[in-house]
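Each remark here refers to the structure printed beneath this line.
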Amino acid sequence: MKLKLILLAVSVWPISMVKAQQVDVAVAFALAAKQTDVLIQNVDSARKMKPNLVSPRTVENGQFKMVGSKDWTSGFFPAELWYFYQYTKDKKWLKLAEKYTEDVKPEQFNTGTHDLGFMIYCPFGNGYRLTGDPAYKAVIIQAAKSLSTRFNAKAGVIKSWDHNGDKWKYPVIIDNMMNLELLFETTRLTGDSSFYRIAVKHANTTLKNHFRPDFSSYHVVDYDTLTGKVLQKVTAQGYANESAWARGQAWALYGYTMCYRETKNKAYLTQADGVAGFIINHKVTPADGIPYWDYNDPKIPEASRDASAAAITASALYELAKYSASGPKYKAAADKILHSLSTKYINQTGSNYGFILAHSTGHRPAKSEIDVPINYADYYYLEALLRSKQ
Ligand code: GLY
């Protein structure tokens, strides 16, 4: 009898906990869709005044902020529309996604940034996956060619930024891992393995130089392209050179999970497992699973959170759960984050100009975008919702 009671307690408690953490994806998508209807109205009115500003980025000091196609975040808004189409199969979303995707198309020729994965692959990659439109395929291939021009064989990495030449020579940021998906896909589409080889080389060099023994990542690693040596390891968006900037850790997790999917190289899976451990087990993160903007900000617990880092992490963990021996733990952690985002970080319908999530931190050291809604948080939130169902 005693044994029976114990068994009952052991089996019932975790199940009810899991249920409490589960998000109703249909409800969450319906709410997000209502918000996005509001966002689209705001986008359309803003564009009447300034047609060159194509994509909604954030709300700062109460002002709705639109950006041009050159902004690194320009692809997230059209990419969100593709996710609504994927989930609903409603032609309304297809038409909207097609319409706003066209606005970022010129960036396929942009060789001045590494962010083409975000700008082009998020909208066009999803568009191609969902429609098979050959015009989208051509844009993806051109973007991969543009991105490849930034690869340096001696250093073995793709250059991230051309700006701030007084601070670094050949800066590579951990975020750059996210652009490799565009290259892997382009090898699949063209049969040209050079894109794949650049992606693998970049991932290997980054694995060697970007991480500390505890699997946390530096933000910026600066290379000497004559010798291939590392010149310095610093930060741009984090609290300090030796701190762990939350979104950087999320990019690392997502990046190596994706690289494992594409290559099946066990070293990438080990890396993703290590980064997941750093994020999930970190003592400073509050019980809701949404990290502070930097794990080492001495102002914690007064520091701002970063819902975008949480959304990226949740999406990555759902995928990593499929490959890793720690799958159930990752799924539970992702469920917790998604539940928190959907209950505590969600904007009320009609508020915040139609952005879905609140409480992200864009660039704290620059005093920019602190505790705000931001388009990439919304994009990875929708992606996490979709993945949570799979
Ligand atoms: N890739 C820039 C950022 O995460 O803010």
Side-chain angles (χ1 to χ4, degrees), residues 55-60 65 67-77 79 104 107 110 112-123 143 147 150 157-164 167-168 171-182 202 206 210 216-222 234-239 243-256 258 275 279 290-295 297 303-316 355 357 359-381 383-384:
S55 209
R57 174 164 166 153
T58 185
V59 179
E60 237 185 338
K65 187 174 167 195
V67 290
S69 66
K70 282 196 180 347
D71 187 88
W72 80 272
T73 70
S74 64
F76 292 116
F77 167 63
V104 296
E107 302 314 316
N110 188 340
T113 178
H114 71 139
D115 282 321
L116 295 179
F118 294 126
M119 296 153 82
I120 293 291
Y121 192 62
C122 290
L147 179 60
R150 299 181 67 79
V157 269
I158 298 164
K159 188 183 187 193
S160 292
W161 294 329
D162 292 346
H163 58 75
N164 288 103
K167 288 190 183 161
W168 34 63
V172 178
I173 62 173
I174 189 63
D175 325 25
N176 205 341
M177 288 298 301
M178 299 298 286
N179 297 308
L180 306 184
E181 197 168 2
L182 166 67
H202 183 99
T206 299
H210 244 93
S216 70
S217 167
Y218 286 92
H219 184 204
V220 187
V221 175
D222 188 18
V234 292
T235 196
Q237 279 164 265
Y239 171 74
S243 74
W245 172 53
R247 199 159 54 258
Q249 314 316 304
W251 294 141
L253 174 66
Y254 195 115
Y256 281 97
M258 174 273 295
V275 179
I279 293 173
I290 313 302
Y292 293 102
W293 75 283
D294 189 299
Y295 290 92
D297 183 348
S304 61
R305 306 283 194 98
D306 187 5
S308 76
I312 298 157
T313 297
S315 181
F355 287 97
L357 295 180
H359 306 306
S360 289
T361 300
H363 195 331
R364 182 136 205 147
K367 298 191 173 42
S368 166
E369 298 177 336
I370 298 168
D371 197 16
V372 293
I374 209 143
N375 56 18
Y376 44 92
D378 292 358
Y379 171 77
Y380 288 101
Y381 172 68
E383 187 177 86

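Read the numbers this way: they start at 1 and go in the same order the structure lists the ligands and their atoms.
- Under a 4.0 angstrom heavy-atom cut-off, W161 registers as lying outside contact with ligand 1.
- Proximity of a side-chain donor or acceptor of H219 to a complementary backbone N or O of A236 within less than 3.5 Å is detected.
- Between D115 and ligand 1, no N or O atom pair is found at a separation short of 3.5 Å.
- Closest to atom 2 (C) of ligand 1, if we only count protein heavy atoms, is D175 OD2, 3.1 Å.
- Between D71 and R57 there is a salt bridge, with a side-chain nitrogen of the basic residue lying less than 4.0 Å from a carboxylate oxygen of the acidic one.
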As a quick check of understanding, evaluate ring-ring contact (aromatic ring centres under 6.0 Å, His included) for Y376 and F118, giving each step before the final call.
CA-CA 9 Å; Y376 44 92; F118 294 126; 7.8 Å; no
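- The existence of a salt bridge linking R150 and D162 is confirmed by a sub-4.0 Å separation between a basic side-chain nitrogen and an acidic carboxylate oxygen.
- Remark: ligand 1 atoms within the under-4.0 Å shell around heavy atoms of Q237 are 3 (C), 5 (O).
- Looking at N179, its side chain does come within 3.5 Å of a backbone N or O of H114 through a donor-acceptor pair.
- Of all protein heavy atoms, the one lying nearest to atom 5 (O) of ligand 1 is R247 NH2, 2.6 Å.
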